Amino acid sequence: MGKHQGPTFWAEQIRRCRESGKSQKAFCQDTGLARSTFECWKRKLQKTAGSSHIVAVPVEKMVRASPPLRLHVRGGYLLEVEPGFCQQTLREILEVVND
């Protein structure tokens with residue numbers, strides 16, 4: 001491993017260590033990282049964690065909501081009903097506009 005790795009590299013190593021379930025000592029031994037450098041970067045990154053920064057998060061799958069149901073009702077009304085609507089409320093609305 002190169003001596004001059006930056007914060008992105010070390011943040012990744014810290015994440016990998018956490019996900020491995022290994023102790024820091026075991027993780028560093030297995031990956032050939034200096035434990036003292038690992039711990040130094042961990043402290044440094046924890047201090048800056050409270051500061052504001054943008055992190056790219058991959059979006060695996062975008063869920064698109066179904067389009068609303070559009071009802072043209074007598075009297076010129078247009079009702080748009082979103083998925084997951086309350087059927088009882090819709091019945092009550094239709095009773096009002098149909099009177």
Side-chain angles (χ1 to χ4, degrees):
M1 303 273 163
K3 272 181 145 180
H4 304 287
Q5 301 293 342
T8 303
F9 171 82
W10 286 103
E12 175 68 13
Q13 299 314 306
I14 293 164
R15 182 193 64 76
R16 288 181 55 221
C17 176
R18 188 174 45 247
E19 290 177 356
S20 74
K22 297 178 183 178
S23 68
Q24 289 179 18
K25 180 179 179 181
F27 180 81
C28 290
Q29 286 175 341
D30 292 350
T31 56
L33 297 172
R35 186 174 174 196
S36 59
T37 306
F38 182 95
E39 290 173 350
C40 179
W41 273 100
K42 185 175 180 183
R43 282 191 303 276
K44 184 185 276 191
L45 292 171
Q46 284 174 337
K47 285 180 185 177
T48 61
S51 65
S52 190
H53 60 283
I54 297 174
V55 177
V57 178
V59 178
E60 306 242 345
K61 189 174 184 181
M62 297 280 298
V63 177
R64 291 187 177 202
S66 300
L69 172 64
R70 300 177 118 199
L71 301 171
H72 295 273
V73 184
R74 177 175 26 167
Y77 295 103
L78 171 64
L79 298 176
E80 289 192 358
V81 182
E82 296 290 330
F85 65 92
C86 173
Q87 293 178 8
Q88 182 58 39
T89 302
L90 180 58
R91 280 188 200 98
E92 292 170 8
I93 292 169
L94 291 173
E95 285 176 16
V96 170
V97 294
N98 282 325
D99 283 341

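The structure displayed is predicted, hence computed values, not measured ones. We number each residue from 1, following the sequence as shown.
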Subject >> CZ-CZ distance between Arg35 and Phe27, expressed to the nearest 0.5 angstrom >> reply: 13.0 Å
Original post:
What do the steps show when you test Leu33 against Trp10 for side chain to side chain contact (heavy atoms under 4.5 Å, CB included), and what is the final call?
Top reply: CA-CA 10 Å; Leu33 297 172; Trp10 286 103; 3.8 Å; yes
Subject >> Heavy-atom closest pair, residues Ser23 and Cys17 >> reply: O-SG, 4.2 Å
Original post:
Charged N to carboxylate O below 4.0 Å: is that the case for Arg16 and Glu19?
Top reply: no
Original post:
Got more than 12 heavy atoms from elsewhere within 6.0 Å of CZ, Arg70?
Top reply: no
Original post:
Which is it for Glu95 and Arg91 under the salt bridge (Lys or Arg N to Asp or Glu O under 4.0 Å) test, yes or no, and what are the steps along the way?
Top reply: CA-CA 6 Å; Glu95 285 176 16; Arg91 280 188 200 98; over 6 Å; no
Original post:
Cut-off 3.5 Å, side chains only: do Arg43 and Gln46 have a donor facing an acceptor?
Top reply: no
Original post:
Rounded to the nearest 0.5 Å, how far does NZ of Lys42 lie from OG1 of Thr37?
Top reply: 14.5 Å
Original post:
For the atom pair CZ (Phe9) and CD1 (Ile14), what is the distance rounded to the nearest 0.5 Å?
Top reply: 10.0 Å
Original post:
Can you tell me how far CG of Leu79 sits from CG of Leu90, rounded to the nearest 0.5 angstrom?
Top reply: 7.0 Å
Original post:
What distance separates Trp41 CH2 from Gln13 CD, expressed to the nearest 0.5 Å?
Top reply: 12.0 Å
Original post:
Atom CD of Gln24 and atom CD of Gln29: how far apart are they, to the nearest 0.5 Å?
Top reply: 12.0 Å
